[in-house]
Amino acid sequence: MAIGYACIAMGINDGGMRGCMLKNAASTRLDQLIAVNLATLNRQLDYNIRNGISLFRISSDIIPFGSHPVNRNLWWEDHADSLQMLGDKIKSSGMRVSMHPGQYTVLNASDPKVLKNAVADLEYHARFLDALGINTQHKIILHLGGIYGDWQRSIARFEENFQRLSPGVRRRMVIENDEKYDIAKVMEVARELKIPAVFDVFHHQCHPAPGDRDVYYWVEQCRNTWQNDDGVQKIHYSQQEPGLRSGAHARSIKLQPFLDFYYQLPENPLDIMLEVKDKDISALKCILALQPDPPRRLGEPEKSI
DNA sequence: CCGCGTCAAGTTCAT
DNA sequence: ATGAACTTGACGCGG
C-alpha cells in the first residue's frame, strides 16, 4: 500500500518543473531546461525516499514541448545517462511512478489533427518512462475524452484509436473516470480493451454512475482490471474544497474523512494517489496518520514544512 | 527588480 | 462565429 502525490514537491525549494514560451523554444534552451528538470526530478525522488513516499506522478512538463514539433531534440539520447540513473533510483527504492497527460490530450477526438497530437503526446509519455528503464507497472493515466454529442460513438472512437497505438503505449495505458465519463462507462471500456481502470473517488462522488453502488463496490470492480503486469491497483482520492465550485480539489486533505474512507476499504493492496493543492504535505499527513507508531524523527527536509 | 499581460494544446457552453 | 471557463502558476517583456 502506498500513498502518493502529483508532480510538485512543496517540501523542497524549486520543487517543480521549469518551462518556456514557444517562441523561445530553441534547441539549446530546451536542452538546458531538460537538464534542470531532470535534476529536479532527482531531487524529488530523493525527497520522496527520505520521507517514505513511494508513489509519485512525474510531471508531463519534464520535457518542455515534449510532443510538439518545435522540440526536435533527441533528449532520450542526449540525457540517456541521467535518465537511466533516475530509473535505477526509482527501481532500487521501490517507488512507483506514473504520468498523466492533461485535458489537451484527447484520444477519442474526431478531428484527425487533434488525434494525431494526442497520439504523439502519448508516445512522448511512453518514451519518457521507457527511457527510465522501468516496467509497465509505471503507468500513463488518461481520461476517455470528449462527448461530441454522442458518448457511445465517442467511446467507440476511443477504442478504435486505442488499438492503433503502439504496443509500448498500450501496455502502459490506464483509463480514469471523470466529469464526462462515469466509472461504469470507464469500466466497460477497460474490460473491452483489457486495460486497467483507475477509480477516481472524488470525481465519482461529483458524477456518480447510475445506480446506488457505493465507492467500495467500484474499488472492487476496478481491482479486477489490474493484471500482474500492471502492478497493484491504483485509485485517485481527493475532497471538495469548501466554498469553491463542486469538483474543485481540496487545498489539503482533511484527515478524519480520509481515515473514515481508508478503514472501510477492502484488505487488498491498493495505491492511493492524492490530488490536492498541497501535494506532498497531504501525502505525508496521511502516511504518518496510518503508521501504528508515529516516528519521532523524519527525513531531513530541504525546507521546513 | 517589479508588475502585469500572456501562455501549445481541446471541449463545452454562453453569447 | 467568437470568446470564456476549466485551473494556476510561471514566463518574460517593459518600465
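For the numbers below, each heavy atom of this structure counts, side chains included, while hydrogens, waters and symmetry mates do not. Within every chain, numbering begins at 1; the chains are lettered A, B, ... in the order of the sequence lines, protein sequences first and strands thereafter.
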Engineer: When the P atoms of C:dT8 and B:dG3 are compared, how many Å lie between them, rounded to an integer?
Structural biologist: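 Pairwise P distance, B:dG3 against C:dT8, rounds to 24 Å.
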
Engineer: Using the P atom as the reference point in each nucleotide, state the distance between C:dC6 and B:dC4 in Å, no decimals.
Structural biologist: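 Result for the P pair: 23 Å, nearest Å.
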
Engineer: Just to verify, what does A:Ile62 make a side-chain contact (heavy atoms from CB on, under 4.5 Å) with, not counting sequence neighbours?
Structural biologist: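 Expected list: A:Met17, A:Asn37, A:Leu38, A:Leu41, A:Ile58, A:Met99, A:Tyr124, A:Phe128.
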
Engineer: Checking all strands, does A:Gly102 fall into the base, sugar-phosphate, or nothing category for heavy-atom contacts under 4.0 angstrom?
Structural biologist: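 Since no nucleic acid heavy atom lies under 4.0 Å of A:Gly102, the category is nothing.
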
Engineer: For B:dT12 and C:dG9, measure between their C1' atoms and round to the nearest Å.
Structural biologist: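 Per the computed distance, 24 Å lies between those C1' atoms.
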
Engineer: If the condition is side-chain contact (heavy atoms from CB on, under 4.5 Å), which residues does A:Leu290 pass it with, not counting sequence neighbours?
Structural biologist: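 side-chain contact (heavy atoms from CB on, under 4.5 Å) list for A:Leu290, sorted by chain: A:Met1, A:Ile3, A:Phe258, A:Leu259, A:Tyr262, A:Tyr263.
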
Engineer: Rounding to a whole Å, what distance do you find between A:Leu244:CG and C:dA5:C1'?
Structural biologist: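 These atoms are roughly 14 Å apart.
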
Engineer: Tabulated below should be each protein N or O lying under 3.5 Å from an N or O of nucleotides 3-8 of chain B; please produce it.
Structural biologist:
| unit_1 | atom_1 | unit_2 | atom_2 | d |
| --- | --- | --- | --- | --- |
| B:dA8 | OP1 | A:Leu22 | N | 2.5 |

Engineer: Let me check something: any side-chain donor-acceptor pairs from residues 77-85 of chain A under 3.5 Å, sequence neighbours excluded? List them with distances.
Structural biologist:
| unit_1 | atom_1 | unit_2 | atom_2 | d |
| --- | --- | --- | --- | --- |
| A:His79 | NE2 | A:Asp31 | OD1 | 2.8 |

Engineer: Looking at C:dC11, I'd like to know if its phosphate oxygens (OP1 or OP2) sit under 4.0 Å from a side-chain N or O belonging to A:Arg18.
Structural biologist: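 Answer is yes, contact under 4.0 Å.
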
Engineer: Can you give me the N/O atom pairs linking the protein to nucleotides 10-15 of chain B at distances under 3.5 Å, or say none if there are none?
Structural biologist:
| unit_1 | atom_1 | unit_2 | atom_2 | d |
| --- | --- | --- | --- | --- |
| B:dG10 | N2 | A:Gln103 | OE1 | 3.2 |
| B:dT11 | OP1 | A:Tyr148 | OH | 2.2 |
| B:dT12 | OP1 | A:Ile147 | N | 2.5 |
| B:dT12 | OP1 | A:Tyr148 | N | 3.4 |

Engineer: Just the rounded figure in Å: distance from P of B:dA9 to CG of A:Leu115.
Structural biologist: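 After rounding, the reported distance stands at 17 Å.
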
Engineer: Give me the stems containing DNA chain C, sorted by first residue, counting only three or more consecutive Watson-Crick or G-U pairs with both distances under 3.5 Å; say none if there aren't any.
Structural biologist: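 Counting only runs of 3 or more consecutive pairs, the stems involving DNA chain C are B:1-7 with C:9-15, B:10-15 with C:1-6.
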
Engineer: Do any side-chain atoms of residues 183-192 of chain A form donor-acceptor pairs under 3.5 angstrom with protein atoms, and if so which ones, sequence neighbours left out?
Structural biologist:
| unit_1 | atom_1 | unit_2 | atom_2 | d |
| --- | --- | --- | --- | --- |
| A:Lys185 | NZ | A:Asp182 | OD2 | 3.4 |
| A:Arg191 | NH2 | A:Gln221 | OE1 | 3.1 |

Engineer: To the nearest Å, give me how far apart NE2 (A:His143) and P (C:dC6) are.
Structural biologist: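 Whole-Å distance recorded here is 17 Å.
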
Engineer: Taking only residues two or more places apart in sequence or in another chain, which ones pass ring-ring contact (aromatic ring centres under 6.0 Å, His included) with A:Tyr217?
Structural biologist: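 By the ring-ring contact (aromatic ring centres under 6.0 Å, His included) rule, A:Tyr217 matches no residue at all.
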
Engineer: From CG of A:Leu122 over to C1' of B:dA9, roughly how many Å is that when rounded to an integer?
Structural biologist: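 Roughly 13 Å, once rounded to whole Å.
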
Engineer: The criterion is side-chain hydrogen bond (donor to acceptor under 3.5 Å, both in side chains); which residues satisfy it with A:Asn268, sequence neighbours excluded?
Structural biologist: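 A:Glu220.
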
Engineer: Distance check needed: C:dC11 C1' versus A:Leu33 CG, whole Å only.
Structural biologist: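 Between C1' of C:dC11 and CG of A:Leu33: 11 Å.
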
Engineer: Answer with base, sugar-phosphate or nothing: what part of the nucleic acid does A:Arg251 contact at a heavy-atom distance below 4.0 Å?
Structural biologist: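 No contact.
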
Engineer: Taking only N and O in the side chain of A:Arg29, is any of them less than 4.0 Å away from OP1 or OP2 of C:dG12?
Structural biologist: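 Checking A:Arg29 against C:dG12: at least one side-chain N or O falls below 4.0 Å of OP1 or OP2.
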
Engineer: Would you say A:Asn24 places a side-chain N or O within less than 4.0 Å of OP1 or OP2 belonging to C:dG12?
Structural biologist: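 Result: yes.
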
Engineer: Please give, in whole Å, the distance from B:dA9 P to A:Lys116 NZ?
Structural biologist: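 Result: 15 Å.
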
Engineer: Which side-chain N or O atoms in residues 156-163 of chain A pair as donor and acceptor under 3.5 Å with protein atoms at least two apart or in another chain?
Structural biologist:
| unit_1 | atom_1 | unit_2 | atom_2 | d |
| --- | --- | --- | --- | --- |
| A:Arg157 | NE | A:Asn108 | O | 2.8 |
| A:Arg157 | NH2 | A:Asn108 | O | 3.0 |
| A:Arg157 | NH2 | A:Ser154 | OG | 3.3 |
| A:Asn161 | OD1 | A:Arg164 | NH1 | 3.1 |
| A:Asn161 | ND2 | A:Leu107 | O | 2.7 |
| A:Asn161 | ND2 | A:Arg157 | O | 3.2 |

Engineer: Just jot down the side-chain contact (heavy atoms from CB on, under 4.5 Å) partners of A:His207, sequence neighbours excluded, or say none.
Structural biologist: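 Result, side-chain contact (heavy atoms from CB on, under 4.5 Å) vs A:His207: A:Glu179.
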
Engineer: Mind checking whether A:Phe202 and A:His236 have ring centres under 6.0 Å apart?
Structural biologist: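 Here the rings of A:His236 and A:Phe202 have centres that are no less than 6.0 Å from each other.
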
Engineer: Measure the distance from CG on A:Asn37 to C1' on C:dA10 and round it to the nearest whole Å.
Structural biologist: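 For the pair A:Asn37 CG and C:dA10 C1', the rounded distance is 13 Å.
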
Engineer: Angle class for the A:His143/A:His100 ring planes (parallel below 30°, perpendicular above 60°, tilted otherwise)?
Structural biologist: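 If you compare the ring of A:His143 with that of A:His100, the planes turn out tilted.
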
Engineer: Can you name the side-chain hydrogen bond (donor to acceptor under 3.5 Å, both in side chains) partners of A:Gln137, sequence neighbours left out?
Structural biologist: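 For A:Gln137 there are no side-chain hydrogen bond (donor to acceptor under 3.5 Å, both in side chains) partners, ignoring immediate neighbours.
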
Engineer: Specify the separation, in whole Å, of atom CG of A:Asp278 and atom P of C:dT8.
Structural biologist: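 One finds 12 Å between P of C:dT8 and CG of A:Asp278, rounded.
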
Engineer: Taking the P atom of each, how far is C:dA1 from B:dA8, in whole Å?
Structural biologist: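 It works out to 26 Å between them.
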
Engineer: Could you walk me through whether A:Lys234 and A:Ile272 pass the side chain to side chain contact (heavy atoms under 4.5 Å, CB included) test, one step at a time?
Structural biologist: CA-CA 6 Å; A:Lys234 184 154 71 167; A:Ile272 305 177; over 6 Å; no

